[in-house]
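Since the structure comes first, as structure tokens, the remarks are kept for the end.
Ligands are counted one by one from 1 in listed order, and the atoms in each one are counted from 1 as well. Keep in mind that the numbers below use all heavy atoms, side chains included, and drop hydrogens, waters and symmetry copies.
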Amino acid sequence: MYIFVINSGSSSIKYQLFEMPEARVLCSGLVERIGHENAVLTHKIYKGGKEDILTSTEPINDHGKGLSKVEKLLTDAQVGVLKSLDEIDVVGHRVVHGGERFAATTRITDDVKKDIQQLFPLAPLHNPSNFLGIEVAEQIFSKASQVAVFDTAFHQTMPPKAFRYAIPEEFYSNLGIRAYGFHGTSHKYVAGKAAEYLQKPEAKIITIHLGNGCSMSAVENGQCVDTSMGLGPMNGLIMGTRSGDIDQSVIFYLVNREGYSLDEVNTILNKKSGMLGLTGYNDMRDITKAIDEGNANAQMAYDMYTYRIKKYLGAYIAALNGLDAVVFTAGVGENDIKVRQMVCQNMEYLGITLDEEKNAVRSKNLREINKEGASVKVLVVPTNEELEIARQCYELLAAE
Ligand SMILES: Nc1ncnc2c1ncn2[C@@H]1O[C@H](COP(=O)(O)OP(=O)(O)O)[C@@H](O)[C@H]1O
Ligand SMILES: CC(=O)OP(=O)(O)O
Ligand SMILES: [Mg+2]
């Protein structure tokens, strides 16, 4: 079975083509800077253990144009990996917000699409482009089943004491206002890998996903018991451009006293805050460079970023009543040696230690970086949301 996975972002499309159930990757790629004159398409083909990379820079106006370029590459006479697009059985879509309706992977129908649209206000940076990806894929891959895998689904096991807000009851029962949590596909994947590594399915694990968006989850027995994001993917940890937790009074102050509109405040907190707002950079590599050049602001932002993670670690150890492993994952978590070091500093009393040499090793594999004999394992587990999506699609179709 061929499964094509699409992660459609606001200005990018990431994709991978899998042959399931062996999970062989035939090709993968990324269309970046959609809507710009110099959009970049990077396409990788895997054949006989080797990787070929094609790149092109050209204007790509919208997601439709982006996917039609990818479609041509898939069946190209020279570099194609398929004879016809009809060979693709399933297109698996990452959809960020699934509300309370979607606790599982779901076939996309008109009804499902309507619900995804209704959730636009709750995930304005994500659901609209996920939806666009679905509409475009339905046209291009018209023979395939379209399936949605929701970021929120994994967190639907949280108990009410974790997901409810202390606001009048009717806001939950009438409007569904509660914490949903995001990056669930990643948290599920890395928690599963860690439990497998520990050979302990019931393990108590804290997963720390640090990408552009950042979130943490407390997982026990493969189930999420708490997570740091809420109604939308905006609160909790400090992120690339999002503030994370903030006192609500800040919003009222800016609107009532300083005359900002609510839309402006929304844009500030979603797109102009986090590391970008503090330092002028949202990429951790630029921030590390600035720190090395003696930029005190960048150092303070880095301290804030790691301190916030530490606070959530403490909270989740308390929530789990113990801990078997801490897992770092995604762009920053997998690559930033110093972030891991600062998070784990002075945590020995909770069993969390770091072996500096192991922490400094760069690798694309799962690795253990705690000190020998420590009671808690500290692991770096590369995430693979696309593979997890392909697996879930495969399981859904196999069960039908
Ligand atoms: N070598 C590295 N060192 C530190 N940070 C890195 C490195 N490589 C990538 N990153 C960080 O990872 C982020 C992207 O992470 P990723 O998980 O790909 O995010 P997303 O899927 O949300 O786009 C970048 O913004 C950058 O800050
Ligand atoms: C939900 C979310 O924050 O996703 P991303 O990290 O891809 O922006
Ligand atoms: Mg991501």
Stepwise, does the ring pair (Phe, Tyr, Trp, His ring centres under 6.0 Å) test hold for Y394 with F18?
CA-CA 10 Å; Y394 180 78; F18 292 92; over 10 Å; no
Between L350 and L313, is the side chain to side chain contact (heavy atoms under 4.5 Å, CB included) condition met? List the steps.
CA-CA 10 Å; L350 292 170; L313 261 181; over 6 Å; no
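Contact annotation for H126 and ligand 2: only side-chain heavy atoms (C-beta onward) come within less than 4.0 Å of the ligand. With a heavy-atom cut-off of 4.0 Å, R94 touches ligand 2 through its side chain alone. Counting heavy atoms under 4.0 Å from ligand 2, residue R242 touches it through the side chain alone.
Taking the ring centre of Y180 as origin, the terminal cationic atom of R178 falls inside the region bounded by 6.0 Å and 45° from the ring axis.
Taking only nitrogen or oxygen atoms, main chain and side chain alike, H183 reaches within less than 3.5 Å of ligand 2. By the 3.5 Å distance cut-off applied to N or O atoms, P233 is not counted among the residues near ligand 2. At least one N or O atom of G331 sits closer than 3.5 Å to an N or O atom of ligand 1. Between G211 and ligand 1, a contact under 3.5 Å exists for no N or O pair.
Atoms of ligand 1 found under 4.0 Å from any heavy atom of M284, numbered from 1 in the order shown, are 5 (N), 26 (C), 27 (O). Distances below 4.0 Å separate heavy atoms of A330 from the following atoms of ligand 1: 17 (O). Counting the atoms of ligand 1 from 1 in the order shown, those under 4.0 Å from a heavy atom of D336 are 4 (C). When each atom of ligand 2 is checked for a heavy atom of F182 under 4.0 Å away, the hits are 1 (C). Taking a cut-off of under 4.0 Å to the non-hydrogen atoms of M229, the atoms of ligand 2 that pass are 3 (O).
Ligand 1 is approached by K14 to a heavy-atom distance shorter than 4.0 Å.
Considering every non-hydrogen atom in both A137 and I6, the closest pair reads CB-CD1, 4.0 Å.
Here the shortest heavy-atom distance to atom 23 (O) of ligand 1, taken over I337, L30, N212, belongs to N212.
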